[in-house]
Amino acid sequence: MPVEIDIAKVAKLARIALTDEEQETYGRQLADILEHAARVQALATDGVKPTSHPLTMVNAFRPDEVTGSLPRDEVLAMAPDAVDGYFRVPKILDEQ
Amino acid sequence: MTWEAVIGLETHVELQTASKMFCGCPVDFGDEPNTAVCPVCLGLPGALPVPNEQAIEGILSIGAALNCTLTESSLFYRKNYFYPDLPKNYQISQYTFPLCLGGHLDVDIDGTVTRIGITRVHMEEDTGKSTHVGRSGRIQSADHTLLDFNRSGVPLVEIVTEPDIRSADEARVYGTELQRIVRALGVSDARLEEGSMRFDSNVSIRPSGSTELGTRTEVKNVNSLRSLHRAITFEIERQIEVVESGGTVDQETRHWNEDLGTTTSMRNKEESEDYRYFQEPDLLPLHIDVSWQERVRAALPVLPAELRNRYRQAGADARTAEILVDGEGLGPLFEEAAVLGADPRAVGIWLTGEVISFTRTAETAVTTTPLTAAHLVELSEMTADGRLSATAAKEVLTAVLEGEGAPGEIADARDLIQVSDVGAIETEVDAVIAEHLDAFEKLRAGDPKTLGFLTGQVMRATGGKADPRVVQELLRRKAGG
Ligand SMILES: [Zn+2]
């Protein structure tokens, strides 16, 4: 059963620029994966306990304690641009 | 045609835990940008989140207080979108299996109670803060965006209502009550102006009587309960105008502008939101077993609605009960005084009048003043038996608040005790009648104005110390009225 996939939309949502060739290749690969999932989904699972997570453990918590943060200089040094203790990025909204 | 508004609210509440939701950075981080950040809340590759147990306790108490089902099995999801203040490009949130489902909150407007359904309450993390800098300061013409990730990863609870709200008034009362509840639970200071409580409103209109839903807009950026009311009022009127002039309402996000008092359209997204939610693989499922659920419910404090009921049963009117709940320390003082036999009506008037204005001016709570329930009882007794006039009682109360002592001492020291001894007052009344026979004849003839005049004369003769009620009673009796 072939699975339709809008690879251009998927790429756009993920902010990945793909060439036509890449769209073709990745589109085919993704479709294969979805087809496999569809085959698994078609299996009769009556009597099989539903699984919501591959691990059987639950509730891995940490106590509400402050354990410290990174020095700001180190943090900002990783960024392409910073000013006055802030990360600086290009403007995010276009002129209206 | 008359129109009906259909409103649903989404409320975000930041929890005041010590550390963030998924890392050990502090939540109370001060003003310096990017000083409370680590690999987890900066979204650095390979960093792994671990949920804060106290935050889970916090959201469960909110859910329980809102009468929700606390779900036994719950999951975290990734909500994927791109925005500079979201360093991972996804927000850890909940989707299909939130921690709390299906509750309600009753709002009371002048005695009419409306039940607002709560669809869900879920756990997520806050984003960083962006500041748009540029020539004009307007977002659209900004040159750059500055990012501070101190807030990134602060525990955030989202509370979503059913579209059960029908007016801006109901929305404001719902917001006020939710704020009271969150504060009573001690999980957040819930301050709108500082952003620790934020309201987004989904607003649509439909012809009155219709059961269909109209196209809704989402109104953002209100930073007080007053602006919530203003923004919704504006948006309802704007939509009615659009529809009545033949247009259609666009589904869009609109930005409330406090200074202009209007909502304006945010740039339309190129395509509809597609958050591609999927289960967060870095986190284990949550399992809130029945004993945990029961422990949360048992630990709930007395909630504002129940307190208001209690104060009303103790003799406060609706408005007084509300003020008693909102003013720190006022309610317990009222209850204690009422139990000790004070007149609840008088105590209500004092607490919501003199006491509140005193604590406001002094910028303190009543619990830090010398005023006790015993003082209120004494004051109540002195007023009831006529030793203190209503005006004198207020003066004495203020003096008690200022630390001058107990009401009896203060009234004596300030010579405020009025004479209620009928025999003593009658002597003065007879003297005044003898002096103003004309006026007294008019009173006998049924002219009510002379009662005030004669009472005034007696009060003057006694230096203001006679109980005016006793004076009037005597004058009426003597005039045969
Ligand atoms: Zn952190």
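Any value given below was found using the heavy atoms of this structure, including those in side chains, with hydrogens, waters and symmetry copies removed. Residue numbers begin at 1 in each chain, while the letters A, B, ... track the order of the sequences. None of these values were measured; they are calculated from a predicted model.
Considering CG of A/D64 and CD of B/Q16, their distance stands at 11.5 Å, rounded to 0.5 Å. Here the CG atom belonging to A/L76 is positioned 10.5 Å from the CG atom belonging to B/L147, to the nearest 0.5 angstrom. The distance from the CZ atom of A/R88 to the NE2 atom of B/H144 is 4.5 Å, given to the nearest 0.5 Å. Atom CG of B/D148 is separated from atom CZ of A/F87 by 9.5 Å, given to the nearest 0.5 angstrom. Between the CG atom in B/L284 and the CG atom in A/L55 there is a gap of 6.0 Å [rounded to 0.5 Å].
Residues forming a ring-ring contact (aromatic ring centres under 6.0 Å, His included) with B/Y95 (at least two apart in sequence, or on another chain): B/Y77, B/Y277.
Proximity to chain A at a heavy-atom threshold of 4.5 Å picks out B/E32, B/P33, B/N34, B/T35, B/A36, B/V37, B/C38, B/P39, B/L42 from residues 32-43 of chain B, in numerical order. Proximity to chain B among residues 14-27 of chain A is limited to A/A14, A/R15, judged by heavy-atom separations below 4.5 angstrom. Using a 4.5 Å heavy-atom cut-off against chain A, no residue of residues 57-64 of chain B qualifies as contacting.
For the residue pair B/W292 and A/N59, the shortest heavy atom distance occurs at CZ3-ND2, 3.9 Å.
Both the backbone and the side chain of B/L146 come within less than 4.5 Å of a heavy atom of chain A.
A/R62 pairs with exactly one of B/C23, B/P51, B/S19, B/P49 by the side-chain contact (heavy atoms from CB on, under 4.5 Å) rule, that one being B/S19.
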